[in-house]
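Notes follow the structure.
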Amino acid sequence: MQKIEGEPISIEKGEWKVPKRPIVLYITGDGIGPEVTTQAIRVVDKAVEKVYGSSRSISWVKVLAGEEAEKESGSRFPKETKEALLRYKVVLKGPLQTPVGEGFRSINVEIRMLLDLYANIRPVKYMEGLKSPLTNPEKVDLVIFRENTDDLYRGIEWEYNSKEAFKLRQFLKNELGIELEEDTGIGIKPISKSKTERITRIALKFAIQNKRRVVTIMHKGNIMKYTEGAFREWAYEVARREFGNDVVFEEDLGGATPPQNKVLVNDRIADNMFQQIITRPESYDVILAPNLNGDYISDAAGALIGDIGVLGGANVGDWAGMFEAVHGTAPKYAGKNVANPTGVIRGAQLMLRFMGWIEAENLIDKAIIESVKQKRVTQDLARYMNVTPLGTKEYADTLIEIMDSL
């Protein structure tokens with residue numbers, strides 16, 4: 001690792017204490033990751049310099065994970081990287097590859113589990129100029145709170161022909177009277193009360209502090225009664241017990257309009273939720289979901305605004321944070337200087353928000369909105385705007401130019 005200057009960020013019970021020159025780790029990632037992450041850092045540095053001058057700056061420290069780490073150390077997630085993450089606690093991460101059906105487990109999930117990053121926060125808001133499939137895309141303004149450390153992403157599963165799967169099938173048959181076919185793979189879906197309660201708290205606190213209108217619990221509790229159904233019940237319990245003065249419940253209103261000074265809490269079954277964010281996006285605001293549902297709904301919401309490539313996400317817990325793009329590695333575009341870095345930039349904006357550097361976050365936001373208005377964009381947007389696309393670096397240059405002019 002390079003020589004490190006600056007001071008670590010301190011995070012205790014979700015409270016961030018940020019020095020004037022904080023140390024922030026970064027992982028460039030796989031596929032298009034190195035290109036988009038490098039340009040995102042350039043944009044962030046420019047915003048910080050423009051707003052704060054020499055009084056603040058970020059000390060970026062590169063750590064290795066993914067393909068680059070494997071080439072250098074033989075491990076996709078080296079011990080040195082784990083130690084750095086535990087020490088410095090905050091990381092901007094480019095996309096990392098996860099194979100389907102076989103191979104190594106997700107490093108993204110490993111980082112979340114290592115740092116106990118239990119809240120995945122994904123804002124989804126329409127920007128004028130994007131090509132949305134909706135007639136009125138300006139009605140889309142959602143913030144998704146996805147539980148990040150429980151559910152099927154724990155990776156507790158066994159291949160159908162493994163000795164573990166055989167033992168589990170025998171146990172289920174002999175002890176519980178449940179008979180499964182011999183060619184059945186088995187996965188376990190754990191959802192705990194304590195993890196449900198803490199993601200509910202952070203979602204409700206956000207909604208109250210930011211004057212959002214509604215928190216909707218998304219679940220499939222009609223079928224998975226003791227996992228997702230329990231998620232629903234535990235979330236309601238926290239809302240009633242700990243936030244009773246600030247919220248009101250749809251089931252108690254009897255169809256009446258909620259008071260202006262209260263956050264409405266309701267719930268929707270997952271399949272219905274997918275329909276309603278398309279047909280009635282204005283009815284939804286903050287969505288609280290278990291891990292798998294949260295992943296699904298955030299990608300679906302991204303499609304509503306026309307481009308998932310412009311979305312970023314925050315993964316936070318009580319003492320650490322990881323910030324990233326929502327999109328994947330897009331290996332076919334790697335090394336071609338064509339990928340859109342906005343997703344990683346949006347992730348970095350969320351990092352700035354948690355750091356309390358709101359002025360720098362707002363400056364980047366203005367620059368991105370202005371670049372879309374001017375149709376100075378990368379190929380993913382340029383192809384339906386009928387304009388010549390900018391390269392990855394050239395787009396970052398454009399954002400820097402716009403920030404200079406603001």
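Keep in mind that this is a model prediction, so the values were computed, not measured. We use all heavy atoms of the structure for the numbers below, so side chains are in, but hydrogens, waters and symmetry mates are not.
Between the side chain of K139 and the backbone N or O of T135, no donor-acceptor pair lies under 3.5 Å. The backbone N or O of G33 lies less than 3.5 Å from a partner atom in the side chain of T37, making a donor-acceptor pair. Between the side chain of K262 and the backbone N or O of Q260, no donor-acceptor pair lies under 3.5 Å. Counting only distance, with no hydrogens or angles, the side chain of N210 and the backbone of R212 share no donor-acceptor pair below 3.5 Å. Of the possible donor and acceptor atoms, one in the side chain of K50 sits under 3.5 Å from a partner among the backbone N and O of D404. The backbone N or O of I191 sits nowhere less than 3.5 Å from a side-chain atom of T227 that would complete a donor-acceptor pair. Counting only distance, with no hydrogens or angles, the side chain of N291 and the backbone of Y153 share no donor-acceptor pair below 3.5 Å. Between the side chain of R169 and the backbone N or O of T184 there is at least one donor-acceptor pair closer than 3.5 Å. Checking side-chain atoms of T28 against main-chain N and O of P34 turns up no donor-acceptor pair under 3.5 Å.
One finds the CD1 atom of I11 at 9.5 Å from the CG atom of L115 (value rounded to the nearest 0.5 Å). L381 CG to N340 CG: the interatomic distance, rounded to the nearest 0.5 Å, is 5.5 Å. Atom OG1 of T149 sits about 12.5 Å away from atom CG of L114, to the nearest 0.5 Å. Note: E70 CD to L64 CG = 12.0 Å, rounded to the nearest 0.5 Å. One distance of note links CG of N266 with OG1 of T216; it measures 3.5 Å at 0.5 Å rounding. To the nearest 0.5 angstrom, N315 atom CG is 5.0 Å from N148 atom CG.
When all heavy atoms of M403 and A47 are compared, the closest pair comes out as SD-CB, 3.7 Å. Between L406 and A367, the shortest heavy-atom distance links the atoms CD1-N, 4.3 Å. Residues G321 and L117 come closest through the heavy atom pair N-CD2, 3.8 Å. Of all non-hydrogen atoms in Y333 and E35, the two that sit nearest each other are O-OE2, 4.1 Å. Smallest separation of non-hydrogen atoms from W357 and P22: CH2-CD, 3.7 Å. In this structure, P95 and V36 approach most closely via the heavy-atom pair CD-CG2, 4.5 Å.
The side-chain heavy atoms of I23 and P8, taken from C-beta on, include a pair separated by under 4.5 Å. With a 4.5 Å cut-off on side-chain heavy atoms, I27 and I111 count as touching. For the pair L130 and Y384, the minimum side-chain heavy-atom distance is below 4.5 Å. M273 is listed as a side-chain neighbour of I287, based on a closest heavy-atom distance under 4.5 Å. Within the 4.5 Å cutoff, no side-chain heavy atoms of D285 are placed close to those of V263. Between I368 and Q349, the closest side-chain pair of non-hydrogen atoms falls below 4.5 Å. Put simply, the side chain of S283 does not reach to within 4.5 Å of the side chain of V214, judged on heavy atoms. With a 4.5 Å cut-off on side-chain heavy atoms, N108 and K93 count as touching.
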As a quick check of understanding, evaluate side-chain hydrogen bond (donor to acceptor under 3.5 Å, both in side chains) for D150 and S192, giving each step before the final call. CA-CA 7 Å; D150 227 351; S192 71; 3.2 Å; yes

Which is it for Q97 and D30 under the side-chain hydrogen bond (donor to acceptor under 3.5 Å, both in side chains) test, yes or no, and what are the steps along the way? CA-CA 6 Å; Q97 178 192 5; D30 301 328; over 6 Å; no

Show, in sequence, the C-alpha distance, side-chain angles and deciding distance for I305 and L311, and conclude whether the side-chain contact (heavy atoms from CB on, under 4.5 Å) test is met. CA-CA 10 Å; I305 68 167; L311 298 181; 3.7 Å; yes

Exercise for the section: Could you check Y118 against N120 for side-chain contact (heavy atoms from CB on, under 4.5 Å), going step by step and ending with a plain yes or no? Expected result: CA-CA 7 Å; Y118 61 83; N120 182 208; over 6 Å; no

- Message: Assess the residue pair Y126 and D141 against the criterion (side-chain contact (heavy atoms from CB on, under 4.5 Å)); give the C-alpha distance rounded to whole Å, side-chain angles, the decisive distance to 0.1 Å, and a yes or no.
- Response: CA-CA 7 Å; Y126 178 70; D141 184 4; over 6 Å; no

**OP:** Apply side-chain contact (heavy atoms from CB on, under 4.5 Å) to the pair Q39 and K393, showing each step before the final yes or no.
**Re:** CA-CA 6 Å; Q39 298 309 319; K393 179 182 180 301; 3.9 Å; yes

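The side-chain contact (heavy atoms from CB on, under 4.5 Å) test with L399 singles out one residue from L363, I364, I345, and that residue is I345. Partner of V44 under the side-chain contact (heavy atoms from CB on, under 4.5 Å) criterion, chosen from V24, I58, V344: I58.
The number of heavy atoms from other shown groups lying within 6.0 Å of CD (E251) is above 12. Environment of OH in Y160: sparse, with no more than 12 heavy atoms of neighbouring residues, nucleotides or ligands closer than 6.0 Å. Within 6.0 Å of atom CZ in R21, more than 12 heavy atoms from other residues, nucleotides or ligands are found, so the atom counts as buried in its surroundings.
Between E147 and K195 no salt bridge is recorded (no basic side-chain N to carboxylate O distance below 4.0 Å). Ion pairing between a basic and an acidic side chain is recognised when a charged N comes within 4.0 Å of a carboxylate O; K205 and D246 show no such pairing. Under the 4.0 Å criterion applied to side-chain N and carboxylate O atoms, D116 and R198 are assigned as salt-bridge partners. Between R122 and D299, at least one side-chain N (NZ, or NE/NH1/NH2) sits under 4.0 Å from a carboxylate O, which counts as a salt bridge. E110 and R76 are not joined by a salt bridge, as no carboxylate oxygen comes within less than 4.0 angstrom of a charged side-chain nitrogen.
Geometrically, R240 engages F249 in a cation-pi contact, judged by NZ or CZ lying under 6.0 Å from the ring centre and within 45° of the ring axis. For the pair R268 and Y284, the cation-pi test (distance below 6.0 Å, angle within 45°) is failed.
Ring pair Y26/W60 is perpendicular by interplanar angle, where above 60° counts as perpendicular and below 30° as parallel.
The stretch residues 216-239 participates, sequence neighbours left out, in these salt bridge (Lys or Arg N to Asp or Glu O under 4.0 Å) pairs: K189-E228, K220-D271, R232-D267.
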